[in-house]
Student: 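The structure follows.
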Amino acid sequence: MTEEKDENKLIAERRAKLDALRESGNAFPNDFRRNALAGQLHQTFESHEDEALRDEHIKVAVSGRMMAKRVMGKASFIKLQDRSGQIQIRLERDRLPEGVYQSFKKWDVGDIVGTQGELFRTQTGELTVMADSARLLTKSLRPLPEKWHGLSDQETRYRQRYVDLIINESSREVFRTRSQIITYMRSFLEAADFMEVETPMMQILAGGANARPFTTHHNALDMQLYLRIAPELNLKRLIVGGFDRVYEINRNFRNEGVSTQHNPEFTMMEAYRAYADFTDWIDMTEAMLHGMSEAVLGTTLVTYQGETFDFGKAFKRITVEDAIRIYNPEFDMSKIRDRDYLVEYCKKLGIAVHDNYGEGKLQIEIFDATGEEHLREPTFVTHYPTEVSPLSRKNDDDPFVSDRFEFFIAGREIANGFSELNDPEDQAERFRAQVENKAAGDDEAMAYDHDYIRALEFGMPPTAGIGIGIDRLVMLLTDSASIRDVLLFPHMRPEVFD
RNA sequence: GGGGCGUUAGCUCAGUGGUAGAGCAUUCGGCUUUUAACCGACUGGUCGAAGGUUCAAAUCCUUCACGCCCCA
């Protein structure tokens with residue numbers, strides 16, 4: 001007992017009960033089998049009155065965590081919670097085998113219990129199981145949070161997600177919705193004949209995006225590897241290979257700060273479709289979000305943090321230069337591509353300007369600083385400067401911009417898509433420009449990927465692709481303020497155990 | 001990186017210099033249709049950590065840790 005002497009009294013009491021269970025037999029049995037879930041029973045017998053239930057003698061076996069225990073002398077009510085919901089059980093001393101009721105009185109809220117009995121309704125109409133047997137299946141040593149106020153401490157909710165999930169239905173609902181969103185997305189893409197693939201997380205070069213990577217080390221090969229920042233270049237290699245509709249839903253890793261919008265690892269869906277351009281992806285994105293909101297929320301009206309957006313109607317479309325004009329009334333649009341004017345304007349906004357910034361980069365700095373946050377309604381912003389789109393195809397009529405869009409809702413970027421650059425010589429030039437940027441101090445610039453150029457030299461059919469940030473989408477559809485609320489196990493600094 | 005707020009019993013929270021509190025939970029007793037069950041009694045603390053000021057610190061000061069929010 002010495003190692004437990006520091007434990008609090010509540011745990012010590014429960015541990016003593018577990019010791020007693022061990023002495024009287026198997027304390028962790030695994031031979032109980034349920035045949036019903038709480039939620040199913042409520043649904044199936046929704047319209048059955050008490051009398052009808054008793055006449056039919058419906059015998060069920062249910063199990064779950066005991067979330068409430070109300071003892072009234074020789075009879076009690078408890079609530080068992082399984083993955084589908086809660087069901088009430090009535091235990092009467094004289095209906096249970098000898099000694100069971102006496103044992104039951106020592107069980108604690110939080111214990112895992114299995115029981116069998118017949119369905120009835122109480123005086124207040126609650127569907128209940130009249131137990132004719134009951135067993136303690138797993139002893140819970142730690143007390144659950146208080147029944148009324150529950151668990152509200154953010155840190156504990158994130159660090160001990162298991163407790164959060166036991167206690168907070170709203171939290172369970174967020175993660176069910178997350179699963180439904182991803183399921184919907186898969187079925188949408190599968191219906192359009194896309195093939196799901198998996199590409200490496202560990203890469204020799206971390207390409208496909210402008211971001212700092214995590215590094216790791218392969219011992220046997222004694223080499224540095226990077227965790228991927230995007231799957232893009234590998235997915236396009238597959239387009240070259242002839243799998244001309246592919247997608248991947250998986251984790252990306254970016255070595256950046258942690259905030260309500262950023263987690264070092266996050267989930268991205270990327271899809272590539274040959275013989276299509278970026279406008280096809282704009283249309284598909286619209287259709288997918290329309291269907292997703294109906295399938296997951298049952299409505300196309302999405303309310304996020306007090307704002308309501310209609311996913312049922314066509315989304316707005318504006319160009320980057322439009323956005324600059326709209327949100328900067330004093331901006332002289334005749335000088336939208338005048339480097340000196342752009343530099344001066346950036347400085348006025350307090351934006352740090354580097355010597356190697358071209359007109360496109362300067363435009364995007366202004367757009368990020370003045371436009372993004374105002375894009376509340378779902379909006380496709382198109383015609384991104386080619387300078388900041390190193391993997392995008394140049395626009396045929398205006399090579400200053402590329403055939404690219406980003407999609408914003410509530411001031412946040414949700415998706416990024418473009419017609420892919422499939423000219424290997426142009427791509428090689430873009431990589432060289434990235435390498436120059438890197439040399440000039442931009443540690444988010446891309447490296448030159450020789451193999452990717454080689455792949456393009458075999459010929460990549462005209463293609464368009466999209467990336468959708470799953471976590472941010474889930475935040476929107478679950479009205480969650482923080483990315484941590486939609487990640488089961490968000491990144492946290494290490495906890496101190498003393 | 002900067003700023004603000006927070007950390008007190010298992011949980012939710014009071015307590016702004018003078019004997020650490022409440023509700024729920026736990027423990028014990030009572031109760032065969034409860035719904036935050038109820039009634040009675042009891043119990044539970046390194047006040048995030050370390051240092052400082054003071055006759056006296058949960059409370060004031062400093063540093064640190066962790067969390068939340070905002071900004072870069």
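Each chain gets a letter, A, B and so on, in the order its sequence line appears, and its residues count up from 1. Side-chain atoms are counted along with the backbone in the values below, which use heavy atoms only and exclude waters and symmetry mates.
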Student: When you check the side-chain N and O atoms of A/Q261 and A/R472, is any donor under 3.5 Å from an acceptor?
Tutor: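 No.
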
Student: Can you tell me the Watson-Crick or wobble partner of B/C66, both distances under 3.5 angstrom?
Tutor: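 Its partner is B/G6.
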
Student: Start at the 5' end of RNA chain B and walk down; is the nucleotide closest to A/G150 or to A/Q123 reached first?
Tutor: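 Going by which nucleotide is closer to the 5' end, it is A/G150.
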
Student: State whether a side-chain donor-acceptor pair under 3.5 Å links A/E118 with A/H57.
Tutor: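 Short answer, yes.
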
Student: Short of 4.0 Å, heavy atom to strand atom, which residues of residues 124-134 of chain A count as contacting RNA chain B?
Tutor: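 When residues 124-134 of chain A is checked for heavy atoms under 4.0 Å from RNA chain B, the hits, listed by number, are A/T124, A/E126.
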
Student: Write down the partner of B/U32 under the Watson-Crick or G-U wobble criteria, each distance required to be under 3.5 Å.
Tutor: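 By the stated definition (distances under 3.5 Å), nothing pairs with B/U32.
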
Student: Can you tell me whether the side chain of A/R90 and the base of B/U32 have a donor-acceptor pair closer than 3.5 Å?
Tutor: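 It does, because a donor-acceptor pair links the side chain of A/R90 to the base of B/U32 below 3.5 Å.
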
Student: Just the rounded figure in Å: distance from C1' of B/G67 to CE of A/M492.
Tutor: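 Interatomic distance, CE of A/M492 to C1' of B/G67: 7 Å.
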
Student: A/L10 CG to B/C28 P: how many Å, rounded?
Tutor: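 About 13 Å, once rounded to whole Å.
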
Student: Passes side-chain hydrogen bond (donor to acceptor under 3.5 Å, both in side chains), A/N168 versus A/S171? Steps please.
Tutor: CA-CA 5 Å; A/N168 295 314; A/S171 191; 5.7 Å; no

Student: Any heavy-atom pair between the side chains of A/F405 and A/S392 that's under 4.5 Å?
Tutor: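 Side-chain contact under 4.5 Å: no.
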
Student: Is A/K17 touching bases, backbone alone, or none of the nucleic acid, heavy atoms closer than 4.0 Å?
Tutor: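 Contact class for A/K17: sugar-phosphate only.
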
Student: Considering every strand and a 4.0 Å limit on heavy-atom distances, what is the contact class for A/F120: base, sugar-phosphate, or nothing?
Tutor: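 If one applies the 4.0 Å heavy-atom cut-off, A/F120 turns out to touch a base.
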
Student: Starting at CD of A/E13 and ending at P of B/G44, how long is that distance when rounded to a whole Å?
Tutor: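 About 11 Å, once rounded to whole Å.
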
Student: Using only heavy-atom distances, decide whether a donor-acceptor pair under 3.5 angstrom links the side-chain of A/Q88 to the base of B/U34.
Tutor: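 Check passes, donor-acceptor contact within cut-off.
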
Student: Any carboxylate oxygen within less than 4.0 angstrom of a Lys/Arg side-chain nitrogen, looking at A/D50 and A/R54?
Tutor: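 Yes, A/D50 and A/R54 are salt-bridged.
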
Student: Hey, are A/E92 and A/R90 close enough for a salt bridge, meaning a charged N less than 4.0 Å from a carboxylate O?
Tutor: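 Result for this pair is yes, salt bridge flagged.
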
Student: Each nucleotide N or O in nucleotides 3-7 of chain B that has a protein N or O under 3.5 Å away: list the pair and distance.
Tutor:
none

Student: Distance criterion of 3.5 Å, no angle test: do you see the side chain of A/T122 paired donor-to-acceptor with the base of B/U35?
Tutor: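 Answer yes: a donor N or O sits under 3.5 Å from an acceptor.
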
Student: For A/R95, I'd like to know if atom CZ has over 12 heavy atoms of other residues, nucleotides or ligands within 6.0 Å.
Tutor: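 Incorrect, the count does not exceed 12.
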
Student: Is there a donor in the side chain of A/Y345 and an acceptor in the side chain of A/E330, or the other way round, less than 3.5 Å apart?
Tutor: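 Yes.
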
Student: Once you apply a heavy-atom cut-off of 4.0 Å, does A/V109 come out as touching a base, just sugar-phosphate, or nothing?
Tutor: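 No contact.
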
Student: Given the C1' atoms of B/G6 and B/U33, what is the spacing between them in whole Å?
Tutor: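 To the nearest whole Å, 45 Å.
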
Student: Taking A/D111 for the side chain and A/K139 for the main chain, is one N or O donor matched with an acceptor at less than 3.5 Å?
Tutor: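 Such a contact is absent between A/D111 side chain and A/K139 backbone.
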
